[in-house]
Undergrad: 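One structure follows; several queries about it will come next.
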Amino acid sequence: DTGVSQDPRHKITKRGQNVTFRCDPISEHNRLYWYRQTLGQGPEFLTYFQNEAQLEKSRLLSDRFSAERPKGSFSTLEIQRTEQGDSAMYLCATAATGSLGYTFGSGTRLTVV
Amino acid sequence: GQSLEQPSEVTAVEGAIVQINCTYQTSGFYGLSWYQQHDGGAPTFLSYNALDGLEETGRFSSFLSRSDSYGYLLLQELQMKDSASYFCAVREGQAGTALIFGKGTTLSVSS
């Protein structure tokens, strides 16, 4: 088990393009969270899955953002029609039921030009 | 609304003790957590307090007072490697509900 894996590590895209990120959790972790972090800020919650069910979604989340976890294992986060304001580090965190803390992946750094 | 307040920066010297405070205002409260993040790295879990009092884990301790909506992280015997950002985070709902993070405190440890 190598921890939470995110792919790609870096992504540069042109404004208006769609991008998709992947998160592979620790195998026994049934909870999966997506966060976004910009420089000098704390992680900002985007969405939460328990197994394959999306249980929580930030009210601040634009409808250009969508996430899936089809088989309760890996998850994808898609951003459609990217904007410069979407430039950030996108972090995936996972946890097992009863865990006190999250395990974060190293993130995907998105730059929209 | 929800808010977490913590100092933006703290500086200290090696071997010293530093306390990073966190006050919160949230609609619900199911515990206060602390995370450490080195530059360019992922946040890592440090501690969790659900009940009032002090939790100690090695050089790090965390305290919670629910009546004051206040907690702190205490770092003892500071080392250069402790230079990082420290985030407090609150869970507003029951198990599984997402953590809400503060803006973080940047700790700089000098020799």
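Below, chain A is the first sequence line, B the second, and so on; all start at residue 1.
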Undergrad: Is any side-chain heavy atom of A:Gln37 closer than 4.5 Å to a side-chain heavy atom of B:Phe87?
TA: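 In contact.
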Undergrad: Does one hydrophobic cluster hold both B:Tyr72 and B:Leu46, with members joined at side-chain heavy-atom distances below 4.5 Å?
TA: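 No, B:Tyr72 and B:Leu46 fall in different hydrophobic clusters.
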Undergrad: What do you reckon, are the aromatic ring centroids of A:Phe104 and B:Phe45 less than 6.0 Å apart?
TA: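 Not under 6.0 Å, so no.
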Undergrad: Assigning hydrophobic clusters by single linkage (Ile, Leu, Val, Met, Phe, Trp, Tyr; side-chain heavy-atom cutoff under 4.5 Å), is B:Leu32 placed with B:Val18?
TA: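 Yes, same cluster.
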Undergrad: Would you say B:Phe63 ends up clustered with B:Tyr30 if hydrophobic residues are merged whenever their side chains have heavy atoms under 4.5 Å apart, either directly or through other cluster members?
TA: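 In one cluster with B:Tyr30: B:Phe63, no.
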Undergrad: With a cut-off of 6.0 Å (strictly less than), are more than 12 heavy atoms of other residues, nucleotides or ligands near CZ of A:Arg15?
TA: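 No, CZ of A:Arg15 has 12 or fewer neighbouring heavy atoms, counting only those of other groups under 6.0 Å.
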Undergrad: Who among A:Met89, A:Glu44, A:Gln41 has the most heavy-atom pairs with chain B under 4.5 Å?
TA: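 So the answer, after comparing A:Met89, A:Glu44, A:Gln41, is A:Gln41.
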Undergrad: More than 12 foreign heavy atoms under 6.0 Å from CZ of A:Arg109: is that the case here?
TA: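 Atom CZ in A:Arg109 is not crowded, with 12 or fewer foreign heavy atoms closer than 6.0 Å.
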Undergrad: How about CD1 on A:Ile12, more than 12 heavy atoms from neighbouring residues, nucleotides or ligands closer than 6.0 Å, or not?
TA: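 It does not: A:Ile12 CD1 has 12 such atoms or fewer within range.
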Undergrad: Drop me the distance from B:Ser33's OG to A:Leu100's CG, to the nearest 0.5 angstrom.
TA: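 CG of A:Leu100 is found 8.0 Å from OG of B:Ser33.
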Undergrad: Going from CD on B:Gln37 to CG on A:Leu91, what distance comes out if it is rounded to the nearest 0.5 angstrom?
TA: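 So the gap between those two atoms works out to 7.0 Å.
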Undergrad: Establish whether B:Val10 and B:Phe60 are linked, either directly or via other cluster members, by ILVMFWY side-chain heavy-atom contacts under 4.5 Å.
TA: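 Same hydrophobic cluster.
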Undergrad: Verify, without hydrogens or angle tests, whether A:Glu56 (side chain) and B:Ala98 (backbone) share a donor-acceptor contact under 3.5 angstrom.
TA: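 Yes: the side chain of A:Glu56 pairs with the backbone of B:Ala98.
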Undergrad: Are more than 12 heavy atoms from other residues, nucleotides or ligands located less than 6.0 Å from atom CD of B:Gln79?
TA: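 Yes, the 6.0 Å shell around CD holds more than 12 heavy atoms from other groups.
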Undergrad: I'd like to check A:Phe45 versus B:Phe101 (side-chain heavy atoms, cut-off strictly below 4.5 Å). Are they in contact?
TA: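 A:Phe45 vs B:Phe101: side chains apart.
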Undergrad: Measuring heavy-atom distances to chain A, does B:Tyr48 have an atom under 4.5 Å in its side chain, in its backbone, in both, or in neither?
TA: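 Contact with chain A: side chain only.
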Undergrad: Using a cut-off of under 4.5 Å on heavy-atom pairs, state which of A:Ala95, A:Ser58, A:Gly101, A:Ser99 scores highest against chain B.
TA: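 Going by pairs under 4.5 Å, I would pick A:Gly101.
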Undergrad: Could you go step by step and tell me if B:Leu99 and A:Tyr33 meet the side-chain contact (heavy atoms from CB on, under 4.5 Å) rule?
TA: CA-CA 9 Å; B:Leu99 290 175; A:Tyr33 306 82; over 6 Å; no
Undergrad: So which atom in B:Ala42 and which in A:Gly105 form the shortest heavy-atom distance, rounded to 0.1 Å?
TA: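 It is CB-O, 3.1 Å.
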